[in-house]
Number of protein chains: 2
Amino acid sequence: MQIAIALFPEFTSLDAMGPYQVLQHVPGADLRLCAAERGIVADDSGHLRVEVEHTFADVPRPDVLVVPGGTVTRRMMTPEDAVVTWIREAHPHTTWTTSVCTGSLLLGAAGLLDGLTATTHWSAYDALASTGATPTEQRVVVEGKVVTGAGVSAGIDMALTLVAEMCGPEVAMAIQLGIEYDPQPPFDAGSPSTAPPAIRDGLLARSI
Amino acid sequence: MQIAIALFPEFTSLDAMGPYQVLQHVPGADLRLCAAERGIVADDSGHLRVEVEHTFADVPRPDVLVVPGGTVTRRMMTPEDAVVTWIREAHPHTTWTTSVCTGSLLLGAAGLLDGLTATTHWSAYDALASTGATPTEQRVVVEGKVVTGAGVSAGIDMALTLVAEMCGPEVAMAIQLGIEYDPQPPFDAGSPSTAPPAIRDGLLARSI
């Protein structure tokens, strides 16, 4: 089972690294980090520099396709973009096509979400709706073979949900226990409906 | 505020990438991924290859020191190990010295945990106790300026706790909302006390 996680300049690190940590433990997985070109791809903070060994052309037919997000994705929503092109051409052949955070905007730009319910980072519902999708605040949305996750850290929940669909709950629970995923956030501020309004508005003003 | 996250061959990716995602948003943070030598450092699955630009010698006095884990850490628990040496020499000057997962074994090997309560991955309590620490199942333990987090995904909770200590709860909540950390694991299997015993025993048998 080939699992391809797309990277691109200014991707958000945890969007990719959450699913990466979960999916590497799928039995028989042939996991690949891939990008438009071989070489170094830096994340949106610039501090994480990943040496990518596989191009999109090297993995044209992954069984599982994973697309992370980043604020840059809004500028990548064109048919000519390398990630969007790869998604559009690979999707008819995948078993699962998935995204985390604003990675769903790239699925949308590839024409995959028209008429589907999908999710994204809470600050990007309008951009998601522009692709024909119906945005929802649900953390993970399974629509046929298209699975979308909410912002950044939701990639862990998305990937565990995906593993349960692919391999059954026992495998997903074993991976969950292996990564000790028993989350205990110190605050109840992780969604726009629970965070203090002043904090939410401050983040929106800074476009984080 | 200089924040240094140590990498080493066969580190567990999310151990480092959880805190990395959180701490990069600390106001005024000078975040550095560092290792014994410049160049590529691969994680324990071998698929994530990080180009490291800073050596331990470049960051001898970080304000915040973060040590991830990996099964390899058990073999690194010697006074001569490069990570252990860096921890031992930097710790007297840090504001916070922290670990995720079996990174705490390296804090212990550096002599930092003798007589302290600390945590680690649930499969490594015995190894942690061998350093003089008192292991606990708590997800995040703050003992003076030493903060330890439990296995892999606990680095997110550890880092948010640390940000709240350093910068106050508003900053921590803003980062939590920015990364939409409103976790909803599909199963209640993330700790050895909640996972089905057969799954726990199976993982221990495979030494994951």
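In what follows, every chain begins at residue 1, and chains take the letters A, B, ... in the order their sequences are listed.
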I'd like to know which of A/D43, A/T12, A/V22 tops the heavy-atom pair count under 4.5 Å against chain B.
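Most pairs with chain B among the choices: A/D43.
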
For [X] versus [Y], what's the shortest heavy-atom pair and its separation?
{"X": "A/S45", "Y": "A/L48", "answer": "OG-N, 4.4 Å"}
{"X": "B/P68", "Y": "B/T73", "answer": "O-CG2, 4.5 Å"}
{"X": "B/L177", "Y": "A/S191", "answer": "CD1-C, 3.4 Å"}
{"X": "A/R74", "Y": "A/A127", "answer": "NE-CB, 4.4 Å"}

Review point. Taking A/M1 as the fixed residue, which of A/L23, A/D63, A/D30, A/L31 is the one that meets the side chain to side chain contact (heavy atoms under 4.5 Å, CB included) rule?
Key: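 Answer after filtering A/L23, A/D63, A/D30, A/L31: A/D63.
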
Residues of residues 179-187 of chain B with a heavy atom under 4.5 Å from any heavy atom of chain A, in residue-number order, are B/I179, B/E180, B/Y181, B/D182, B/P183, B/Q184, B/P185, B/P186, B/F187

Within residues 147-154 of chain B, contacts to chain A at heavy-atom distances under 4.5 Å involve B/A150, B/G151, B/V152, B/S153

In Å and rounded to the nearest 0.5 Å, what is the [atom1] to [atom2] distance from [X] to [Y]?
{"X": "A/I5", "Y": "A/C34", "atom1": "CD1", "atom2": "SG", "result": "8.5 Å"}
{"X": "B/E143", "Y": "B/T136", "atom1": "CD", "atom2": "OG1", "result": "10.0 Å"}
{"X": "A/L65", "Y": "A/K145", "atom1": "CG", "atom2": "NZ", "result": "9.5 Å"}
{"X": "B/F8", "Y": "B/M76", "atom1": "CZ", "atom2": "CE", "result": "4.5 Å"}
{"X": "A/L128", "Y": "A/L113", "atom1": "CG", "atom2": "CG", "result": "6.5 Å"}
{"X": "A/S99", "Y": "A/D15", "atom1": "OG", "atom2": "CG", "result": "9.5 Å"}

Toward chain A, the part of [X] with a non-hydrogen atom under 4.5 Å:
{"X": "B/R32", "answer": "neither"}
{"X": "B/I156", "answer": "side chain"}
{"X": "B/P196", "answer": "side chain"}
{"X": "B/I40", "answer": "side chain"}

Honestly, the part of A/L14 sitting under 4.5 Å from a heavy atom of chain B is both

Would you say the side-chain atoms of B/R38 pair up with the backbone N or O of B/H54, donor to acceptor, closer than 3.5 Å?
no

### Query
Among B/M173, B/M17, B/Q24, B/R139, who wins on heavy-atom pairs under 4.5 Å with chain A?
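Counting heavy-atom pairs under 4.5 Å, the top option is B/R139.
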
Assign the ring pair B/Y20 / A/H47 to parallel, tilted or perpendicular, where the plane angle (0 to 90°) is split at 30° and 60°. perpendicular

